2 protein chains.
Amino acid sequence: MPDGSDKKPSRIQRRNRRLILDAALEVFSLHGYRGATLDQIAAQAGLSKPNILYYFDGKEEIHVTLLNQLMKTWLDPLVALDPDGDPMSELLDYVGRKLAMARELPRESRLFAGEILQGAPRMGPHLRSSLKPLFDEKCAVIQGWMDDGHLAAVDPRHLIFSIWATTQHYADFAAQVEVLLEPAPADDPAGAETYLTTLFTKLLTP
Amino acid sequence: MPDGSDKKPSRIQRRNRRLILDAALEVFSLHGYRGATLDQIAAQAGLSKPNILYYFDGKEEIHVTLLNQLMKTWLDPLVALDPDGDPMSELLDYVGRKLAMARELPRESRLFAGEILQGAPRMGPHLRSSLKPLFDEKCAVIQGWMDDGHLAAVDPRHLIFSIWATTQHYADFAAQVEVLLEPAPADDPAGAETYLTTLFTKLLTP
DNA sequence: TCGTGGCTTTACCAAATGGTAAAAATTAGC
DNA sequence: GCTAATTTTTACCATTTGGTAAAGCCACGA
């Protein structure tokens, strides 16, 4: 059994696990945990359902694996916030990176959003152990910048919330955004970025 | 059969339909459409499953009824945006109303978020017919204020998106916000409002 | 070429779930 | 209080779904 073991995964194992996780990301992000079925994931992956269960212990393990895997890339932009950089450009770059992620990885964004929306039943501990320390650390950095007068003073926690909310909105609420931006979806690619840059520049300029 | 009919509903009908819708709101907002079961809704409502189906044609009709009903109250704050009022305070009041709704009606917010997150499968038409016209109308109002120099010029569409995103974030991502605001959840009640008022004041001041 | 071990399929199953039929109980109108 | 309509319960059903057992297949080293 390839899962949970400590042996090196074979080429086939790596390929199939990746196929499954990619299919699962698609299906979970589209229908939510309960809305997704193993049959859908299997069909999307081009494998049979029992074959899926040969590589993963069950539906939940697939979901958890996906979530854990996602957590890393999801936090990357925040990790990259450099305490030694220029405060304003560091934060604006952070906004830009988050917005790019929402655009480039909407499935991941929706997967994460769905999990949180339902009370983070499979991620609560992970939030405390991974996200919280990083969040506190970066809040302190931002607070330091504000104390030094490099940025206007606002609550760093709500600042980060608002960055997350505004950027992820474009991925999580895409169905709504698309309807409301009609009939000009093409003129917009820069629209959100321009707007958010203005928003946070004005907020943070001392 | 009480549903779909044109007769006046009896007292029992009104009471039970309200019980069911309230229970369904609780369950749907907590588990999503697919994650919710009729048994859960029945238990929450204190009625038997067949009795639920005596009042509604099926699970989907309950969900749609809830969504349609929600749409009205959900749009109220935007409807109340007065073209003849003072631009800045109209918009700040709008932010305040949306934030209050997120705080007071988190179940409704999550129900709506879940529906949009999954591509608005049961609300797409409604978005176009109800939300879009109102959105366009209010965008024009805001644009007018900006053209008159009463507000700093930004894209009204993205402005509204950011108001929605930042306010609803506190309801939809409550599980995350609570973890990250620890160990000081009590000091916050005004925190979000103060922050958002600053944010949009700075943005919109000409 | 022949095993051997890893991979895949076929054929299932039990539980959960949305939904129904019809009897039983309750309420409302007279 | 009696009847007719409304409401509720009991006893089901068919489908879906996560999961399993075991047989078959296939690649690769000896």
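Chain letters run A, B, ... following the sequence lines, proteins first, then strands; residues in each count from 1. As the structure is a computational prediction, the values presented were derived from the model and not from experiment.
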**Prompt:** Under the salt bridge (charged side-chain N to carboxylate O under 4.0 Å, His left out) criterion, do R110(B) and D172(B) qualify, and how do the steps go?
**Reply:** CA-CA 5 Å; R110(B) 288 201 309 269; D172(B) 302 342; over 6 Å; no
**Prompt:** Hey, mind stepping through K132(A) and D136(A) against salt bridge (charged side-chain N to carboxylate O under 4.0 Å, His left out) and telling me if it holds?
**Reply:** CA-CA 6 Å; K132(A) 181 76 159 71; D136(A) 287 341; 2.9 Å; yes
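Applying the 4.0 Å criterion to OP1 and OP2 of dT8(C), one finds that N16(A) has a side-chain N or O inside that range. Between Y54(A) and dT8(C) there is no side-chain polar atom (N or O) within less than 4.0 angstrom of OP1 or OP2. Residue Q13(B) has no polar side-chain atom (N or O) positioned under 4.0 Å from OP1 or OP2 of dT6(D). One finds no side-chain N or O of Y55(A) lying less than 4.0 angstrom from the OP1 or OP2 phosphate oxygen of dC7(C).
A residue-by-residue look at R34(A) and K49(A) shows that K49(A) has its nearest nucleotide of DNA chain C further toward the 5' end.
Residue-level contact check: A36(B) touches the backbone only, with heavy atoms under 4.0 Å from sugar-phosphate atoms and none from bases. Across all strands, S48(A) comes closer than 4.0 Å to base atoms (heavy-atom distances).
Spacing between atom CG of L38(A) and atom C1' of dT8(C) amounts to 16 Å, rounded to whole angstrom units. Atom C1' of nucleotide dG18(D) and atom CZ of F28(A) are separated by 11 Å, given to the nearest angstrom. At whole-Å resolution of the value, CG in L47(B) and P in dT9(D) are 7 Å apart. Whole-Å rounding puts the N51(B) CG to dA25(C) C1' distance at 12 Å. Remark: P of dG19(C) and CD1 of I20(B) are 13 Å apart, rounded to the nearest angstrom. Between Q40(B) atom CD and dA16(C) atom C1' there is a gap of 11 Å when expressed in whole angstrom units. In this structure, the CD1 atom of I41(A) is 13 Å from the C1' atom of dG19(D), given to the nearest Å. The CG-P distance, from L53(B) to dT7(D), rounds to 15 Å in whole Å.
Checked against the 6.0 Å centroid threshold, H31(B) and Y33(A) do not count as a close aromatic pair.
Figure legend: R157(B) and F135(B) shown without cation-pi pairing, the cationic atom not lying both under 6.0 angstrom from the six-membered ring centre and within 45 degrees of its axis.
Note: H63(B) and F28(B) have perpendicular aromatic rings, judged against thresholds of 30 and 60 degrees for the angle between ring planes.
Closest to the P50(A) side chain, of the nucleotides dT20(D), dT17(C), dT8(C), is dT20(D).
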